[in-house]
A.B. asks: 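Right, I'll just put the structure down here and ask away after.
Just so you know, ligand 1 is whichever comes first in the structure, and atom 1 is the first atom listed for that ligand. When a residue number appears, it is its place in the shown sequence, counting from 1.
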Amino acid sequence: MKNTADITVLGAGSYGTALAISLASNGHRTMLWGHEPEHIENLKNDKSNEAFLPGIPLPDLLIPEADLATALAASNNVLVVVPSHVFGLVLTQAKPLLRKDSRIVWATKGLEPETGRLIQDVAREVIGDEFPLAVLSGPTFAKELAAGMPTAISIAGTDPQFTKDLVELLHSPKRLRVYANDDFIGLQLGGAVKNVIAIGAGLSDGIGFGANARTALITRGLVELTRLGEALGAQGSTFMGMAGLGDLVLTCTDNQSRNRRFGLALGKGCDVETAQQEIGQVVEGYRNTKEVYTLAKRLGVEMPITEQVYQVLYKGKSPVDAAKELLSREQKSETSSAE
Ligand SMILES: NC(=O)C1=CN([C@@H]2O[C@H](COP(=O)(O)OP(=O)(O)OC[C@H]3O[C@@H](n4cnc5c(N)ncnc54)[C@H](OP(=O)(O)O)[C@@H]3O)[C@@H](O)[C@H]2O)C=CC1
Ligand SMILES: O=C(CO)COP(=O)(O)O
C-alpha cells in the first residue's frame, strides 16, 4: 500500500502541485515527483509547496517523492506537468522505469523546441507506440485550482478508456468540471498558441492600448489558432472550447498569467531577460512563439499576430512598431479563409 498510488504526477512546480492537490482532494492516492530532493523534502516538512503555491495545504493523500523509479512504480497512470522544453528529457528518464501497463497524460502546454512538433510526436519518439497517451488542457490558473475554486478543463487522448478514467480521477462535482474531448491534436495546440497571443495581449496593454485592442487580439488570435489547427488536422470547433477560446480569454485578460505579465513588461520597455527573471516561473510563450512561428511557416499558415510577437521577442522589433505593422495590414474580409 505504502508505495502504490492511483496516479503519479511528474513535476512539482505550480501546476503539477495544483493538479496533485485536486486529485488527492478527490480521494485518490497521488504521488508527486519532483527532480530536486531538497524541494521534495520541503514539501514533506511544510505540508505545502511554499516555493510555488504558498499557504495552500497539501492533502494527506498527496505523497511527495524524490525518487523517479519509486514514483513510476507506484501507479500506471502518469501525469506529466513539466515545462515543454524538458518534456522529452523527463520522458527519456522515465522510459526505462515505466510499467508495462503505464498510461501517459500531460498538462504541459507547448510544442517541441526548435522543430515545433506536437508533444505527442515527442512522446511517441521517446517511448514508442504501445503506451496510451492523453492531454489535458483548459483555462486553469494553478493557484485557483489548488485553492479549490471552480474550474473546467478538457481531456483527449488515443485511448477512450484512458480518457474516461482520467475524467473519473479528476472530475469533482464541487470544484473541477472535466470534459472528454476527441480532438487530441486540437487540445495540444490550443495551449501552445494561446501563450503566444497572451504575450501579444500583454504587449498591447503594456504599450497603453485599451480593451478594444486586447479584445481584437483575442478574437484574431482565435482565428490564427483555428487556421493552424485545421492545417494540422484538428477540428475547428475544439477552439471554441476550453483549450481555445477559454484559455485565450483567461490568459489574455488576467494578470495571473505569466505570459501576459511577460508581454506587459516588454510593452512597458523591459528587456526579455529581465522580464523573465522577474516572473521567476516558466514563461512557456517565449519558446512557444518561436515554435508556433516555425510550425506556421512550415505549413504555410498565415499568423500575423504570432509573426509580430516573434519579431519583438527574437528580432528586437519594438512593440509599438509591431502594433503599427499589424494595424497597417491591407484591408480584408473578416471571414475569408484565403487571407
Ligand atoms: N501554472 C499554471 O497555471 C498552468 C501551467 N500549465 C503548464 O504546465 C507546465 C508546467 O508549468 P508550471 O508548473 O506552471 O511551471 P513552474 O515554473 O511553476 O514549475 C515547473 C516545474 O518543473 C520543474 N522542472 C524543470 N526542469 C525539470 C526537469 N528537467 N525535470 C523535472 N522537473 C523539472 C521545475 O523545477 P525547478 O524549480 O527545480 O526548475 C518546477 O518544479 C507548463 O507547460 C505550463 O504551461 C498549464 C496550465 C496552468
Ligand atoms: O496556462 C495557463 C492557464 O490556463 C497558465 O498561464 P500562464 O502560463 O500564462 O501563467
A.B. asks: Show me the donor-acceptor pairs within less than 3.5 Å that the side chains of residues 235-242 make with the rest of the protein, sequence neighbours left out.
C.D. replies:
residue : atom : partner : partner atom : Å
Q235    : NE2  : D182    : OD1          : 3.3
T238    : OG1  : D183    : OD2          : 2.4
T238    : OG1  : Q235    : O            : 3.2

A.B. asks: Hey, does S14 come in under 3.5 Å of ligand 1, counting only N/O atoms on both sides?
C.D. replies: yes
A.B. asks: Can you name the atoms of ligand 1, numbered from 1 with element, that are less than 4.0 Å from a heavy atom of R258?
C.D. replies: 1 (N), 2 (C), 4 (C), 5 (C), 12 (P), 14 (O), 15 (O), 18 (O)
A.B. asks: At a 4.0 Å threshold, what atoms of ligand 1 neighbour a non-hydrogen atom of A142?
C.D. replies: 1 (N), 2 (C), 3 (O)
A.B. asks: Going by the atom numbers of ligand 1, which of them fall below 4.0 Å from some non-hydrogen atom of A12?
C.D. replies: 41 (O)
A.B. asks: Between T17 and N49, is there a side-chain donor-acceptor contact under 3.5 Å, judged purely by atom types and distance?
C.D. replies: yes
A.B. asks: Return yes when W33 approaches ligand 1 closer than 4.0 angstrom through a heavy atom, no otherwise.
C.D. replies: yes
A.B. asks: Step by step, would you call S84 with E284 a side chain to side chain contact (heavy atoms under 4.5 Å, CB included)?
C.D. replies: CA-CA 7 Å; S84 58; E284 282 283 28; 2.8 Å; yes
A.B. asks: Which atoms of ligand 1 sit under 4.0 Å from any heavy atom of L89?
C.D. replies: 29 (N)
A.B. asks: Between N77 and R103, is any side-chain donor less than 3.5 angstrom from a side-chain acceptor?
C.D. replies: yes
A.B. asks: Looking only at protein heavy atoms, which one is nearest to atom 5 (C) of ligand 2, and what is the separation?
C.D. replies: K194 NZ, 3.9 Å
A.B. asks: Using distance alone, with no hydrogens and no angle criterion, decide if N195 and R287 have a side-chain donor and acceptor under 3.5 Å apart.
C.D. replies: no
A.B. asks: Using heavy atoms and a threshold below 4.0 Å, how should the contact between P139 and ligand 2 be classified: side chain, backbone, both, or neither?
C.D. replies: backbone
A.B. asks: For F52, is at least one N or O under 3.5 Å away from an N or O on ligand 1?
C.D. replies: no
A.B. asks: With heavy-atom distances below 4.0 Å as the criterion, list the atoms of ligand 1 near E36.
C.D. replies: 38 (O)
